[in-house]
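Notes for the one structure printed next.
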Amino acid sequence: MTGEGAVFRPRLQRHSESEAADEGVRRGNAYGHGLLPCAKTFRRAGVPWLATAHPSDALSLRQAGDTGRLLAWLWAPGDPFEEAVAADVDISVSDLHQLSEVVGAARRVGRPARVHLEFDTGMARGGSARGQWGALADAMVRARAAGSVVVAGLWSHLAMAHAPDHPSVAEQCAQFSRALALTAGVGIQGAVRHLAASAANAALPDTRLDAVRTGSALYGLSSSHLRFAPPHCATRGALTFRSRLCGVKQLPAGGAVGYGLTYRSGTRTTLGLVPVGYADGLPWRASNGAEVWAAGRRRPVVGAISMDQLVIDLHGDHPPSGSDVIVFGPGTQGEPTLGEWAQAAGTTPYELICQISPSLPRHHTPPLPAVSR
């Protein structure tokens, strides 16, 4: 989904580690997978909460008929606070100015706003600074007493959850515990506490608290980034990027390919033209480094990736025009994975997947049955 996204699983009655509530995070057009179809899939699977970074995404879900719990956490002055309150979208608040906007919106709409207070435990991104947390909590208590807000959540975000032994993890957890103690001391009780995102959910079970913001793991993007891989967090990519050959031609030995003539063949070969390029989200930096799957085997991308096309070396084979090409997929039949393309481009899978053009058609298939454990 656009912006950033997640799945919330509030688990207010925690009986075992496996019962952390999921909050589905819908970010970057659901990490390139498509906002609305993914949201519907997660709701059908029983996910009670969805979260987006931008309020426009949460409002889009409401307009599409989603009636479950929604959280939007990235707000700027002048954003549609009134529309969010009216649509029963939870709003993340990090400072007194934001709280003032939320309270004003709630008064104009005539119903209390559901608020999640974000505390900056050390990532220095969103969230209230430590020195302002007490004043923000006090202001929340006053706004609650006036009937303007409901304190629905308390949350923060870990910077190094993918490396659970990093000293910042323990420090951030300690900071969050102190922040929770302060809010409890002024009478804020019963709010959903959420700290863990995908990496922490896999590697740091003590951080799951009442809910986990599962984002990238929903799409099979997380476990490769952990410094260790617990047995339960093996994932498989959910997206397959497909195209077709639109032409096959001969290239003589010594022939060059593409803008800048950055590739020159050492032998006579055949080339295939694939009609996708960097306008579709494939990184130019992967030129002469990435591979695709075509005619039953991997084929290297040769020459510079163009705006709307790329060239592959078919090693003398002559598959017909129109033959399927898998640019990347889960790797189950030997095709390159998203991670391999990201490595060829010198970037992260998250950046690459979010750059896939929204204009490309997306075909959604039913999810595979859950694997019993």
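Sequence positions, counted from 1, serve as the residue numbers for this chain.
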Could you check H116 against H194 for side-chain contact (heavy atoms from CB on, under 4.5 Å), going step by step and ending with a plain yes or no? CA-CA 10 Å; H116 292 236; H194 48 108; 3.1 Å; yes
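- Side chain of T41 to main chain of P37: a donor-acceptor pair is present (N/O by atom type, distance under 3.5 Å, no hydrogens or angles).
- No side-chain heavy atom of L50 sits less than 4.5 Å from a side-chain heavy atom of R69.
- Between V301 and V311 there is no side-chain heavy-atom pair separated by less than 4.5 Å.
- Under a hydrophobic-cluster definition in which Ile, Leu, Val, Met, Phe, Trp and Tyr are linked whenever side-chain heavy atoms come within less than 4.5 Å, directly or via other members, Y263 and L261 are assigned to different clusters.
- In plain terms, the two heavy atoms of T207 and A196 that are nearest each other are OG1-CB, 3.3 Å.
- Counting only N and O atoms by type, the side chains of S359 and S357 include a donor and acceptor under 3.5 Å apart.
- With sequence neighbours excluded, the residues satisfying side chain to side chain contact (heavy atoms under 4.5 Å, CB included) with E340 are R298, P336, T337.
- Under a 3.5 Å cut-off, the side chain of R62 and the backbone N or O of D66 do form a donor-acceptor pair.
- At a threshold of 4.0 Å, the pair R244-D324 does not count as salt-bridged, since none of the basic side-chain nitrogens sits closer than that to a carboxylate oxygen.
- The closest side-chain heavy-atom distance from D308 to V276 is not below 4.5 Å.
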Full working for salt bridge (Lys or Arg N to Asp or Glu O under 4.0 Å) between E101 and R107: CA-CA 10 Å; E101 289 206 66; R107 289 172 178 168; over 6 Å; no
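- Using a 3.5 Å distance cut-off with no hydrogens or angles, the side chains of S168 and H166 do pair a donor with an acceptor.
- Connection of L338 to L239 is established within a shared hydrophobic cluster, with ILVMFWY side chains joined at heavy-atom distances below 4.5 Å, either directly or through further cluster members.
- Here the side chain of S287 pairs a donor or acceptor atom with the backbone of I305 at under 3.5 angstrom.
- Nearest heavy-atom pair, L154 versus F176, reported as atom, atom and distance to 0.1 Å: O-CZ, 3.6 Å.
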Please test V325 against S323 for side-chain contact (heavy atoms from CB on, under 4.5 Å), starting from the C-alpha separation and ending with a verdict. CA-CA 7 Å; V325 174; S323 296; 5.9 Å; no
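- A donor-acceptor contact closer than 3.5 angstrom is absent between the side chains of T121 and Q175.
- A salt bridge does not link D120 to R125: none of the charged nitrogens lies less than 4.0 Å from a carboxylate oxygen.
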Does R297 form a side-chain contact (heavy atoms from CB on, under 4.5 Å) with E335? I'd like the steps, not just the answer. CA-CA 8 Å; R297 59 180 287 192; E335 77 275 13; over 6 Å; no
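- A donor-acceptor distance shorter than 3.5 angstrom exists from the side chain of T270 to the backbone of G316, with no hydrogens or angles considered.
- In terms of heavy-atom proximity, S321 sits nearest to G247 at OG-CA, 3.6 Å.
- Checked by atom type and distance alone, the side chain of N288 pairs as donor or acceptor with a backbone atom of G303 at under 3.5 Å.
- When all heavy atoms are compared, the tightest approach of P330 to T240 is CD-OG1, 3.3 Å.
- Shown here is M123, whose CE atom has more than 12 heavy atoms of other residues, nucleotides or ligands within 6.0 Å.
- With rounding to the nearest 0.5 angstrom, the CG atom of L310 is 9.0 Å from the CG atom of D280.
- Remark: side-chain polar atoms of Q172 are paired, donor with acceptor, to backbone N or O of A159 under 3.5 angstrom.
- With D317 contributing its side chain and P319 its backbone, the two residues share no donor-acceptor pair below 3.5 Å.
- For the pair L136 and D95, the minimum side-chain heavy-atom distance is 4.5 Å or more.
- Taken from CG in L271 to OG1 in T269, the straight-line distance is 6.0 Å, to the nearest 0.5 Å.
- When side chains are defined from C-beta on, P80 counts as touching P55, because their heavy atoms get closer than 4.5 Å.
- Using a 4.5 Å cut-off between side-chain heavy atoms of Ile, Leu, Val, Met, Phe, Trp and Tyr, with links allowed through other members, L96 and V141 fall into the same hydrophobic cluster.
- To the nearest 0.5 Å, the span separating CD on E118 from CH2 on W133 amounts to 8.5 Å.
- Rounded to the nearest 0.5 angstrom, D79 CG and I91 CD1 are separated by 10.0 Å.
- Side-chain contact of R213 with H157: a donor-acceptor pair under 3.5 Å is present, judged by distance alone.
- Note: the hydrophobic cluster containing L117 also contains L209 (ILVMFWY, side chain heavy atoms under 4.5 Å, direct or indirect links).
- Aromatic ring orientation, W155 versus W73: tilted (interplanar angle from 30° to 60°).
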The test is side-chain contact (heavy atoms from CB on, under 4.5 Å); show your working for F328 and L282 and say whether it passes. CA-CA 10 Å; F328 56 78; L282 298 181; 4.2 Å; yes
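- A distance of 11.0 Å separates OG1 of T183 from CG of D138, quoted to the nearest 0.5 Å.
- Closest heavy-atom contact between P283 and A345: CG-CB, 3.5 Å.
- Between L70 and W49, the closest side-chain pair of non-hydrogen atoms is not below 4.5 Å.
- Each of I326 and V292 belongs to its own hydrophobic cluster when Ile, Leu, Val, Met, Phe, Trp and Tyr are linked at side-chain heavy-atom distances under 4.5 angstrom.
- Judged purely by atom type and a 3.5 angstrom limit, W293 has no side-chain atom pairing as donor or acceptor with the backbone of G329.
- By the 4.0 Å N-to-carboxylate-O rule, R193 lies close enough to D210 to be salt-bridged with it.
- Side-chain atoms of R264 do not come within 3.5 Å of backbone N or O of T262 as any donor-acceptor pair.
- Classification of the F81-W75 ring pair by plane angle, with boundaries at 30° and 60°, yields parallel.
- In terms of modelled atom types and a separation under 3.5 Å, the side chain of R299 and the main chain of L314 share a donor-acceptor contact.
- The two atoms that bring S60 and L36 nearest to each other are O-CD2, 4.3 Å, heavy atoms only.
- For the pair L204 and L158, the minimum side-chain heavy-atom distance is below 4.5 Å.
- Note that CZ of R208 and OG1 of T214 are 9.5 Å apart. Values are rounded to the nearest 0.5 Å.
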Test ring-ring contact (aromatic ring centres under 6.0 Å, His included) applied to Y278 and W284, step by step: CA-CA 6 Å; Y278 56 75; W284 175 85; 8.0 Å; no
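- With sequence neighbours excluded, the residues forming a side chain to side chain contact (heavy atoms under 4.5 Å, CB included) with A129 are Q132, listed by chain and number.
- No side-chain heavy atom of R268 sits less than 4.5 Å from a side-chain heavy atom of L251.
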